[in-house]
Amino acid sequence: MRILFLVTALMLSMDGTIVAQQVQGRLTASGSNRTNDWMSHIEIDLGQRNTLLVGFTRYAEIQARRNVDSVLRLFVADYRVVRDSAQPPTVATHAFFRLSPTDRALDLRTTPQRTLSFRFRDDEEPVQVKTAQDTLLIVWGQTGNQRPYYDVSIQLFVNNLDGIEQLLKNGGLNARLNQAFESVEQYKGHDLTSSKMSFDLIEEAGKAPRFVNPGLARSPFIRFSPGISVGLIRSQWVPSFNLDAQFVPGRHYNVGYTIGYTSSFFFREAGDGRFRTFRNDFLNVGFTFYRFNKNGLTSASSRTLLGLYVGVPVHRRGNYFDPNTFRVSSTVYHYGLFKVQPEFYFTGLFKNVYPGLRLTVGL
């Protein structure tokens with residue numbers, strides 16, 4: 001086993017680090033969501049599965065932090081003092097490096113590898129494979145503040161944090177970042193250096209720079225939310241079809257102006273023993289409030305915090321509701337495709353009140 005770890009450590013110290021990980025872009029990976037961190041990103045493929053990912057709210061702010069190599073040298077010096085050399089080489093380390101005007105702070109979190117993976121070659125000792133990369137997150141904040149508002153974030157995904165020193169010796173990252181800045185400033189479609197713009201830029205070796213979704217940072221959008229539901233209304237289970245549309249002023253707003261349409265179907269047994277169907281439709285307007293993402297900068301329009309809506313009847317068949325009925329509903333719980341929506345039906349200027357509860361499956 002000692003030989004095994006010695007070979008692993010040797011392999012991890014080489015340029016061709018043994019890491020069993022797919023080569024894919026961080027911004028384009030399956031399941032990634034660009035609104036989960038910053039308004040704009042620059043992703044640079046550094047080779048051998050190493051990636052630099054820069055996030056920022058305004059282009060001028062990343063320009064003020066463009067000397068990445070000097071910050072990395074500070075990190076290398078600090079990390080060399082506190083690193084735990086006794087850790088197995090397959091442990092993944094996440095480093096959080098915070099810089100303030102007066103000091104620096106470094107938090108280290110390690111994740112042991114749960115699955116043992118090995119690589120075999122004829123007549124050679126087996127090599128244990130590291131299945132997760134190390135990460136370095138660099139931010140600038142205020143003195144003593146553990147969770148400040150970050151305008152610039154630099155993330156480095158590397159096979160091993162010890163390899164950052166070798167990256168600096170091989171020329172550093174400033175040249176690659178400056179090349180990305182030139183691509184931004186030469187972009188023909190928009191002035192991406194404006195504080196009103198946002199974009200994702202992906203730089204890969206040997207390929208032309210690729211821009212993803214360049215445009216206005218605060219551009220509004222409409223989100224459609226179809227769904228099916230079943231509600232308990234007047235002691236009867238009632239299926240419904242729903243279609244809501246939310247107008248959201250921008251990714252930094254956690255409120256959507258909502259208009260929706262709800263069709264509910266009531267069933268009643270006729271005199272001949274068969275059931276008849278009665279449809280009642282309501283047109284709803286109101287507000288939907290969304291949760292903010294973990295960074296506190298952008299909202300997650302797929303995660304409702306609270307919804308408040310008022311509806312009026314637009315189609316009525318049967319005597320389940322009086323002509324002057326109006327509907328007040330709310331979304332109080334939203335997880336994935338599942339929503340819990342209490343509702344009240346009022347008739348005759350609040351003369352009668354019928355509470356209900358609706359369980360909805362949809363966006």
With a 3.5 Å distance limit and no angle check, can you tell me whether [X] reaches the backbone of [Y] through a side-chain donor-acceptor pair?
X    : Y    : result
S70  : N67  : yes
Q166 : G163 : no
N242 : T262 : no
N50  : N159 : yes

Just wondering, do [Y] and [X] contact through their side chains at under 4.5 Å, heavy atoms?
X    : Y    : answer
L106 : F75  : yes
L306 : S330 : yes
Y257 : F287 : yes
I44  : V54  : no
H41  : L53  : yes
D162 : D134 : no
V71  : F97  : yes

### Query
Are F321 and F278 an aromatic pair by the rule of ring centers under 6.0 Å?
no

Query raised in the report: Aromatic ring centroids of F282 and Y345 under 6.0 Å?
Result: yes

For the pair K207 and D45, find out whether any cationic side-chain nitrogen is under 4.0 Å from an anionic carboxylate oxygen. no

Original post:
Would D281 and R279 pass as an ion pair if we require N to O under 4.0 Å?
Top reply: yes

Please check if any side-chain donor atom of [X] sits under 3.5 Å from a side-chain acceptor atom of [Y], or the reverse.
X    : Y    : result
R358 : S329 : no
Q341 : S229 : no
T325 : D322 : no
R327 : N284 : yes
T288 : Y309 : yes

>> One pair to check against side-chain contact (heavy atoms from CB on, under 4.5 Å): Y59 and E185. What are the steps and the verdict?
In response: CA-CA 10 Å; Y59 185 73; E185 294 162 6; 2.8 Å; yes

Which heavy atom of [X] sits nearest to which heavy atom of [Y], and what is that distance?
X    : Y    : result
P323 : P313 : O-CG, 3.9 Å
A180 : E203 : CA-OE2, 3.5 Å
F289 : V255 : CE2-CG2, 3.8 Å
G260 : D244 : CA-OD1, 3.1 Å
V91  : P112 : CG2-CA, 4.3 Å

**Within one Ile-Leu-Val-Met-Phe-Trp-Tyr cluster: I222 and L243, side-chain cutoff 4.5 Å** = no

(Q) Within the supplied structure, the quantity of interest is the number of heavy atoms (other residues, nucleotides, ligands) at a distance under 6.0 Å from F241 CZ; does it exceed 12? (A) no

Practice task
Begin with the C-alpha distance, continue with both residues' side-chain angles, and end with the deciding distance and a verdict on side-chain contact (heavy atoms from CB on, under 4.5 Å) for H94 and L137.
Solution key: CA-CA 8 Å; H94 173 75; L137 172 61; 4.1 Å; yes

Review point. Going through the distances and angles, do S153 and Q155 end up as a side-chain contact (heavy atoms from CB on, under 4.5 Å)?
Key: CA-CA 7 Å; S153 165; Q155 288 180 275; 4.1 Å; yes

| query | Just checking, R223 and F221: is the charged tip under 6.0 Å from the six-membered ring centre and within 45° of the axis? | reply | no

